[in-house]
Amino acid sequence: MRIATWNINSAKARQPRLIEWLDRASPDVVCLQETKLSDEAFLELFDEDLFRRGYRVAHHGDGRWNGVAILSRAGLEDVRRGLPGDPGFPGPEPRAISASCGGIRIWSLYVPNGRTVEDPHYAYKLAWLAALRDVVAELAPQGPVMTLGDFNIAPTDADVWDIAEFEGATHVTEAERAALGRLHDAGLLDLMRERWPDETVYTYWDYRQLCFPKNYGMRIDLTLATADVAARARAVWVDRAARKGTGTSDHAPVVVDLDEAPDGDIGPMVPPPSSRGSSARGSSSRAGAGTRRRAST
DNA sequence: ATGTCCCAATTTTTGGGA
């Protein structure tokens, strides 16, 4: 199952690039942020194109700002709009939506930007992240969970092109990183860093000052997941091609490929005959580990 | 020149947000 997240910075402005990307990348589940549309306007624009490609749609937006969505051709059950405990600014904003897709509770998140550390939006950002932590702490013990989206936090200094440029700025503060740390404490792993611990990886480049050509980027779009999901992650990457050319978002998609769940709907995995009763399925070899058959009875 | 883009409205220019 291929799962992606992409802050598209206006679904309306990005329509051709989004459709083109769906056809090229062929994701099964897509978490979108900053659609900047109402639910009605989003469906009006995309329903036909997405239906024809086999996607079902859950959108949560109110028009001008924010707006999140999940597109899925791997099931879309039990859709929940908003974040329980959302502090609001002052009222709730459409920054979270979740659904069960292919047995995973998937969240598409657009964390408040924070603006500056003195701005009330910064306190809002931290309060919003605290509410998210509580949701994760409740859900993570219950089954597979993924939280994907624009977190507006660079987890470490290595996740920005030049930390000196961020003196006193949001996205890199101790408090923001501590809030992210509490998501990890609640059971979420950073799939990109699990797979690529030391690579330079960016997901966002400002439109201004030729940031993309110079690779002045930030890794702020994160793919977090519980350990059961992390164990299935076969590949994790940033689709930089989607950031190139004209009419692009300032963010690139982050894509995760998952192996099938070992106890998925095809039935429980049992050892293949060749290794049954032997020690061949230990950590030294994965041969045969992908073989699945329906258990008898 | 912030080497930009997006939105809405007080719409053909401006202000706000990222």
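Just so it is clear, the structure is predicted and the values come from calculations on it, not from any experiment. Letters A, B, ... are given to chains in the order of the sequence lines, protein chains preceding strands, and every chain is numbered from 1.
To the nearest whole angstrom, the two C1' atoms, one in B:dT11 and one in B:dC6, are 15 Å apart. Rounded to the nearest Å, the gap between the C1' atom of B:dC7 and that of B:dT12 is 16 Å. Nucleotides B:dT2 and B:dG15 have their C1' atoms positioned 16 Å apart, rounded to a whole Å. With both ends at atom P, the span from B:dT10 to B:dC5 equals 26 Å, rounded to whole Å.
Put simply, A:Arg115 has a side-chain N or O that comes within less than 4.0 Å of OP1 or OP2 on B:dG17. In this structure, A:Arg14 reaches the B:dC6 phosphate: one of its side-chain N or O atoms is under 4.0 Å from OP1 or OP2.
Taking the six-membered ring for Trp, A:Phe89 and A:His121 have ring centres closer than 6.0 Å. Aromatic ring centres of A:Trp21 and A:Trp6: separated by under 6.0 Å.
Of the candidates A:Arg2, A:Arg195, A:Arg232, A:Arg2 is the only one forming a salt bridge (Lys or Arg N to Asp or Glu O under 4.0 Å) with A:Asp257.
Here the P atom of nucleotide B:dG16 and the NZ atom of A:Lys36 are 16 Å apart, to the nearest Å. As a whole-Å value, the separation of A:Tyr207 OH from B:dA18 P is 14 Å. Rounded to whole Å, atom P of B:dC6 lies 13 Å from atom OH of A:Tyr204. To the nearest angstrom, C1' of B:dC5 lies 14 Å from CG of A:Leu210. In this structure, the NZ atom of A:Lys214 is 11 Å from the C1' atom of B:dT2, given to the nearest Å. B:dC6 atom C1' lies 16 Å from atom CZ of A:Arg17, rounded to whole Å. Atom CG in A:Asp206 sits roughly 10 Å away from atom P in B:dC5 (whole-Å rounding). At whole-Å resolution of the value, CZ in A:Phe212 and P in B:dT4 are 17 Å apart.
In this structure, A:Asn113 and A:Ser10 both approach DNA chain B, and ranking their closest nucleotides by distance from the 5' end singles out A:Ser10.
Contact check on A:Asp190 versus A:Arg219 returns a salt bridge, with a Lys/Arg side-chain nitrogen under 4.0 Å from an Asp/Glu carboxylate oxygen. Between A:Glu20 and A:Arg17 a salt bridge is recorded (basic side-chain N to carboxylate O distance below 4.0 Å).
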